[in-house]
J.: 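My questions will all concern the structure given below.
Numbers here are sequence positions counted from 1. The structure displayed is predicted, hence computed values, not measured ones.
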Amino acid sequence: MEFRDLKYFQKLVETKNYNRTAEFFGVTQPAISSMVKRLEKEIGTQLIFQAHNHKRMTISPAGLVVYRNAKGLIQKERSIILEAKRANENSFRLGYSELAGKEWLASVITQLNQGHLLASVETHEENSHYLEQHLREGRYDAIVFSRLDNEKTPWN
């Protein structure tokens, strides 16, 4: 099973459209159709049901299993690539919001200094709304931010 095929399949399930999936990856629609056939042959079961008029696509239960697992593997692949690239950079990037920087950063820097890590720390002040996204993208190794009590966060 190829990662490329899993990426194509994930996008196909999300768009439910062979042409849009092909366009997204810069390949032909037959390439996407071939990928589905390859996966179905390798797995041994039908992943997608297509109506005769090709206007309606249904993902089989097996297709949903492949989709969910492919999504996880693709996320893991991105993480591996980011971590590997960062492993040889001799620095630690810390993102922080203005408020957190004023309130908490001195304490964090003190802790880093006690662990003799301060020499390799880069700090970047940024709007708190972007910090989490940039952490996920690998721009930062850690973030420090504070929130107002009435501000909603994804975890509350």
Side-chain angles (χ1 to χ4, degrees), residues 1-97 100 104 108 111-112 115-117 119-147 151-156:
M1 199 171 298
E2 299 289 327
F3 265 103
R4 181 191 65 214
D5 288 349
L6 294 175
K7 288 176 184 179
Y8 288 0
F9 188 76
Q10 177 189 359
K11 190 67 169 178
L12 179 61
V13 169
E14 290 169 357
T15 64
K16 289 190 169 56
N17 187 292
Y18 282 80
N19 289 323
R20 276 188 294 211
T21 301
E23 187 177 298
F24 179 84
F25 288 105
V27 298
T28 64
Q29 182 273 325
I32 302 301
S33 296
S34 294
M35 170 277 301
V36 171
K37 289 176 186 168
R38 256 191 323 273
L39 282 177
E40 288 178 338
K41 182 177 181 186
E42 188 171 350
I43 294 169
T45 190
Q46 193 168 5
L47 303 175
I48 294 177
F49 299 109
Q50 190 81 26
H52 293 294
N53 60 8
H54 295 283
K55 291 190 184 222
R56 191 158 196 223
M57 176 189 304
T58 305
I59 311 305
S60 73
L64 289 174
V65 168
V66 172
Y67 168 75
R68 287 185 194 117
N69 284 286
K71 193 172 181 178
L73 287 171
I74 292 163
Q75 288 171 343
K76 188 65 174 172
E77 177 194 35
R78 285 187 204 123
S79 176
I80 289 168
I81 291 167
L82 283 173
E83 287 182 39
K85 285 180 180 178
R86 292 283 297 130
N88 289 333
E89 295 176 11
N90 198 16
S91 66
F92 180 83
R93 294 176 296 189
L94 175 67
Y96 62 92
S97 68
W104 305 105
V108 171
Q111 293 295 319
L112 290 170
H116 305 290
L117 298 173
S120 59
V121 173
E122 298 172 20
T123 59
H124 304 273
E125 182 178 319
E126 186 171 60
N127 184 303
S128 61
H129 295 288
Y130 297 112
L131 286 170
E132 185 178 3
Q133 173 188 341
H134 292 161
L135 177 67
R136 289 175 198 236
E137 293 171 352
R139 293 185 193 182
Y140 300 125
D141 299 300
I143 57 173
V144 178
F145 67 97
S146 59
R147 67 179 186 86
E151 184 179 7
K152 291 288 185 191
T153 60
W155 52 85
N156 67 356

J.: How many angstroms lie between CD in Glu23 and NZ in Lys11, if you round to the nearest 0.5 Å?
T.: 10.5 Å
J.: What's the shortest heavy-atom distance between Met1 and Glu42, and which atoms?
T.: N-OE2, 2.8 Å
J.: Would you say Ser34's side chain and Pro30's backbone share a donor-acceptor pair under 3.5 angstrom?
T.: yes
J.: How many angstroms lie between OG1 in Thr58 and CG in Leu47, if you round to the nearest 0.5 Å?
T.: 13.0 Å
J.: For the pair His134 and Glu137, evaluate side chain to side chain contact (heavy atoms under 4.5 Å, CB included) and give the outcome as yes or no after the intermediate values.
T.: CA-CA 5 Å; His134 292 161; Glu137 293 171 352; 3.3 Å; yes
J.: For Lys16 and Val13, work out which heavy atoms get closest and say how close.
T.: CG-O, 3.5 Å
J.: Decide if atom OH of Tyr130 counts as having more than 12 heavy atoms of other residues, nucleotides or ligands within a radius under 6.0 Å.
T.: no
J.: Could you walk me through whether Glu77 and Lys7 satisfy the salt bridge (charged side-chain N to carboxylate O under 4.0 Å, His left out) test, starting with their C-alpha distance in whole Å, then the side-chain angles of each, then the deciding distance to 0.1 Å, before giving a yes or no?
T.: CA-CA 11 Å; Glu77 177 194 35; Lys7 288 176 184 179; 3.2 Å; yes
J.: Of Ile74, Ile48, Thr21, which is the lone residue that meets side-chain contact (heavy atoms from CB on, under 4.5 Å) with Phe9?
T.: Ile48
J.: In sequence, state the C-alpha distance, the side-chain angles, and the governing distance for Arg68 and Lys71, and then conclude on side chain to side chain contact (heavy atoms under 4.5 Å, CB included).
T.: CA-CA 5 Å; Arg68 287 185 194 117; Lys71 193 172 181 178; 5.8 Å; no
J.: Evaluate the criterion side chain to side chain contact (heavy atoms under 4.5 Å, CB included) for residue pair Val36 and Tyr18; output intermediate values, then yes/no.
T.: CA-CA 10 Å; Val36 171; Tyr18 282 80; 3.9 Å; yes
J.: To the nearest 0.5 Å, what is the distance between OG1 on Thr15 and CE on Met57?
T.: 6.5 Å
J.: Take Gln10 and Tyr67 through the test side chain to side chain contact (heavy atoms under 4.5 Å, CB included) and record every step on the way to the result.
T.: CA-CA 6 Å; Gln10 177 189 359; Tyr67 168 75; 3.6 Å; yes
J.: Can you measure from CG (Leu6) to CZ (Arg4) and round to the nearest 0.5 angstrom?
T.: 10.5 Å
J.: What distance do Ile59 atom CD1 and Gln46 atom CD have between them, rounded to the nearest 0.5 Å?
T.: 10.5 Å
J.: Just by distance, no angles: are the side chains of Ser33 and Gln29 close enough, under 3.5 Å, to form a donor-acceptor pair?
T.: yes
J.: How close do Leu12 and Ile32 get, heavy atom to heavy atom, and via which atoms?
T.: CD2-CG2, 4.1 Å
